[in-house]
Amino acid sequence: MTSVWGLIAAALALAFAAAWWRGRVRARVLRAALEAKSQDLEQLQMSFARFAPEEIVERVVAEGVTPHGERKEATTLFADLVGFTTLSESIEPDVLVRILNGYFERMSRAITGHRGHISTFIGDGILALFGALQPNPWQANDAVHAALAMREELADYNRELAAEGLPTLSVGIGLHRGSGVAALVGSRDLMQFTFVGRIVNLAARVQDLTRRFEVDILLTRAVKDTLDGRFELRELPATAVRGIEGEVEIFAVERFRGEA
Amino acid sequence: MTSVWGLIAAALALAFAAAWWRGRVRARVLRAALEAKSQDLEQLQMSFARFAPEEIVERVVAEGVTPHGERKEATTLFADLVGFTTLSESIEPDVLVRILNGYFERMSRAITGHRGHISTFIGDGILALFGALQPNPWQANDAVHAALAMREELADYNRELAAEGLPTLSVGIGLHRGSGVAALVGSRDLMQFTFVGRIVNLAARVQDLTRRFEVDILLTRAVKDTLDGRFELRELPATAVRGIEGEVEIFAVERFRGEA
Amino acid sequence: MALENIEWLDPLVDRERNRELEKYAKQVLGLVPPHAPYLAACPWILRADIHFDTAMAEIQDLADNIYLVVSRDNSCRWCYGASRLLMRLAGMSNAQIEKVEEDVELSRVEPRLRAGLEFARRVSRSNPAPDPASIQALRELGFSEAAIKELALFAAVVVFHNRFATLLALPVSTAERLAPFARLLRFLPLGKLNTLLRAQPRVTAAAPADDKGPFADLTMALGDLPHARVLRDTLDAAWASPILPARTRALIFAVIARGLENDSAEAEARRLLAEEGLESPLVVEDILANLASPELDARESRILPYVRETIWYQPAPVQRQGRALREVLTNAELLDTIGTAALANLVGRVSLALELT
Amino acid sequence: MALENIEWLDPLVDRERNRELEKYAKQVLGLVPPHAPYLAACPWILRADIHFDTAMAEIQDLADNIYLVVSRDNSCRWCYGASRLLMRLAGMSNAQIEKVEEDVELSRVEPRLRAGLEFARRVSRSNPAPDPASIQALRELGFSEAAIKELALFAAVVVFHNRFATLLALPVSTAERLAPFARLLRFLPLGKLNTLLRAQPRVTAAAPADDKGPFADLTMALGDLPHARVLRDTLDAAWASPILPARTRALIFAVIARGLENDSAEAEARRLLAEEGLESPLVVEDILANLASPELDARESRILPYVRETIWYQPAPVQRQGRALREVLTNAELLDTIGTAALANLVGRVSLALELT
């Protein structure tokens, strides 16, 4: 009898040992799958982060998409490449994209390096905002510093392009400051963090004027009013722009007289 | 002796049984975790899909971000709300966002329902493209049908807004057709599917003209040339627009004479 | 996006019985496929489905993965179910299948498979269509010219499957129903099902050298691939189908060629239209430009705008459009329209790739 | 984004020994924390770190989760390590900790914790700052006024921790080093460490009623919360620190109040500036508007632009900016600057929330 029970016990031990071993293997497989999924999740989140400001991605991941707007004081920077659409017609698409990505990369660096964020690209145009994501009492200084950094980055990039035998670029930048509503808006198909207010249009119009006055950076009185006195500005004739009553006071940015 | 081995075997059986059971529990925990991660992944992908056209999301998920452009023939639709920035200054931000989301949702439906896709929102503006993601020889017809659908959707939405005691909206739409380069461009911080070419600017300029001629939908000769003859158009005086040499031939869209 | 979450409507066509067709299926496959009743009213489609098997001459090792990936790309839930069934028949466990899917999705696969999949996706998407560089990439990995042709043709065949299954909204259950039993099934004597599905390369007779049927240039260019003859026979069977007139069929091919920007396929379709009496280039251009014309009959006026939607789509919206069409067409007419559109998508895509080889 | 993948530089300050400080830590905690040598040159920071423990009167049950979530929000790798250590000390296994993190991340938590976390995140982010609705939501879930104050203060205390740890780039290892042993540690007689970290609510003496120190309105409003007295003592200790002059300290508080759009904190900082002789509103406005002025000394001219970066940041960039500052400041000056900025962030955030209660 005893030995029968012993055999049964031994058989059970073997059976459970086998079950335990299979369980271990299964656990290993599951753990590997879990690891792989975690990696996917992170990779996707990183890809996603390239399509929207990090803050927004985090908010959406945490809270989902909620309809909510905030009135904010923001400074808009609108940049456009002079004559680029003409250039785009005579150049190999892949080369065009390479030139453009290099340009966007550098402008992006100049903008985010001064606490701005890019709201959208429109063709070769860049619409950037300062103070729209986070309150920023120093937004005017930041935006003009960013514009000056863009000027420098572009000079640098043009040397690189010229060395490669590629056409160089020339940019016009318009800046305006005012209040508006910052919000994540859109539809089922496309959501975007955007800023609604006349400053967006006016910055684009002011940018248009850079061609007329043959300067690269123009700002309005609203920007000048809160600007550090160490920026050297040159007043230009007040100019009428479509869609805005009266004339707009504009100033060309020469340079920043800082120490170091 | 035998009974000692029997006891040992029984002890082993118990030990392995316990180990097997713990393994089962662990596997259940792991499986639940795996399930949760899969759900996260999907949720994130769905959130992501709202920030970029589905096609682009799929491409990025599958291939990562590659610098590649394609020359394409596309039709641009540019829509802007008349007087909305003024309205935006006097209205509660959350209400503004609600009005705007309702508007974007309906316009989006009209656009994607006619095989267009929204490239970007610029404040309250909408830049939509037809034929930029996939070749589309019927893009002109599609774009003008979309514009007519937008007109109808807006009339419908205005009835809803008025019933709620909210201000109604008025839209101006400009359409132009031509070639350019479609590409996923941008920087580490922001990638966007965009279209580089003069058609983007010109559609915006034509949209501006809707105010001057007091019409809601304007298109250029390039669109008219490939348009179904059943669209009723009204020719307007050719007009000079900034940034374009010569005058632009423009046509107001009246209606579509289709059966049913 | 998990395929199970994609919206998918109820079938667009009624179930019918077609004893002759069932007998034929049983004879070839050893069983009547669960989706046969949905295709009963227009027999050439199920015949094509049966004949376009997964037996390859050159790329047998890639076939399962291509079927899976292209079906995912096309959001075809039905095909996805079928694809899983095939893999179950091959003796894979659910976990193994999931692993394959994940590897493929994350591009964690060896170079030959990776390149093959990329090319197949390119053929299937046709946006952009394959270019000389994508062919060159295959050649450098040791793909022969025959293998490249077979790859292009098989990817297009999967597009055909995806199209008719999705456009008709075939119930996913008909593809998935057998899956749980598949492991058992393969050990049972089930006629030629296993042989067919898992067969070693079969060499079919090449298309006849004096081929004069529709798209003869294409079928001749495909040479003696196992599927070339099936494509020839399928095109002939479609053209012989009495449900839609040949003019309507040629119009469907022309619209899809136009949408795919495939000039040579459009030229062939125009030649076929001329044979049917539609000779004026201006009239044809008006039809193709606006998908409308006083020259079209009422049925064609409804069919052509629908047909353009079959080139690229999301399942539920295109199924809704098909359902609207169902209201003005008979069961058989809708089936013939969708089968023809699926075939035109196959032809339009493979010929774009073939032009490069 | 997994915290382990966030870029994190080497420590910005040198290790030093401060025997008196070590003795004090040992007396209170039973051991010298591994990061003590990095804070040796400016003792008030470590003292604050030790005194701001996790013993709560009202929200003891939420403390671990708040610490974890706010640290994640602030991308503080050091604090995240510390947070895991705390949970290990509480006897949780790694798997349990991961479960907590996942639940919290996916908001799969019960309403009280969920609301508490949301409010804490809002205090910590201050973008937008908490509003009456967020306070109301807490009240409706049964949070008492004292609990709400404690929640706001604790969230701000975590911000303080996050700030000095991240701005100094404290080596993550100093927080994580103990973790694997934590389960054992808690069974060992380690002085007051366990008592402190896992203590039942201790009631500390309330701040003195005749409080006249910096930000007295705030510390009095916090009443008899355990941390209110610690905050009072910390502010006094910071102001008594001989490394930076009081004027520079008040400027740091003013800049951060300006950045947070916290008018009352800015007013208090201006009052403190006036006490130090900087009385002209125009001059102060020029300084705050441009973070530059001929009135500033060379050190202040470098410190103020850096200090604004401490309100919102990504770890590596702000650590690089701190490293650049290190080249013109002594070890002790950098520590005092960062400690003060961290404290100003605490004060600026909690007072925005307190104004609403």
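Bear in mind the structure is a predicted one, so any value in this text is a computation, not a measurement. All chains are named by letter (A, B, ...) in the order of the sequence lines, taking the proteins before the strands, and each is independently numbered beginning at 1.
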Enquirer: If we define contacts as heavy-atom pairs under 4.5 Å, which of C:L291, C:L288, C:I311 has the most with chain B?
Expert: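 Top count of heavy-atom pairs under 4.5 Å with chain B: C:L291.
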Enquirer: I need the minimum non-hydrogen distance between B:P135 and C:N127, along with the two atoms involved.
Expert: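 Residues B:P135 and C:N127, closest heavy atoms: CD-OD1, 3.5 Å.
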Enquirer: If you round to the nearest 0.5 Å, how far is CZ of C:R258 from CG of B:N136?
Expert: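 Separation between the atoms: 11.5 Å.
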Enquirer: Roughly how far apart are B:R115 CZ and C:E309 CD, rounded to 0.5 Å?
Expert: 3.5 Å
Enquirer: Please identify which of these residues, B:D228, B:T226, B:L227, meets the side chain to side chain contact (heavy atoms under 4.5 Å, CB included) condition with C:N290.
Expert: B:D228
Enquirer: Is the number of heavy atoms from other residues, nucleotides or ligands within 6.0 Å of CD (B:E152) greater than 12?
Expert: no
Enquirer: Between atom CZ of C:R308 and atom CG of B:D142, what is the distance when rounded to the nearest 0.5 Å?
Expert: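 Here the interatomic distance stands at 4.0 Å.
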Enquirer: Under 6.0 Å from the CZ atom of C:R302, do we count more than 12 heavy atoms belonging to anything else shown?
Expert: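 Counting neighbours around CZ of C:R302, 12 or fewer heavy atoms of other residues, nucleotides or ligands fall under 6.0 Å, so no.
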Enquirer: I need the minimum non-hydrogen distance between C:V255 and B:W138, along with the two atoms involved.
Expert: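 Scanning both residues completely, I find the closest heavy atoms to be O-CH2, 3.5 Å.
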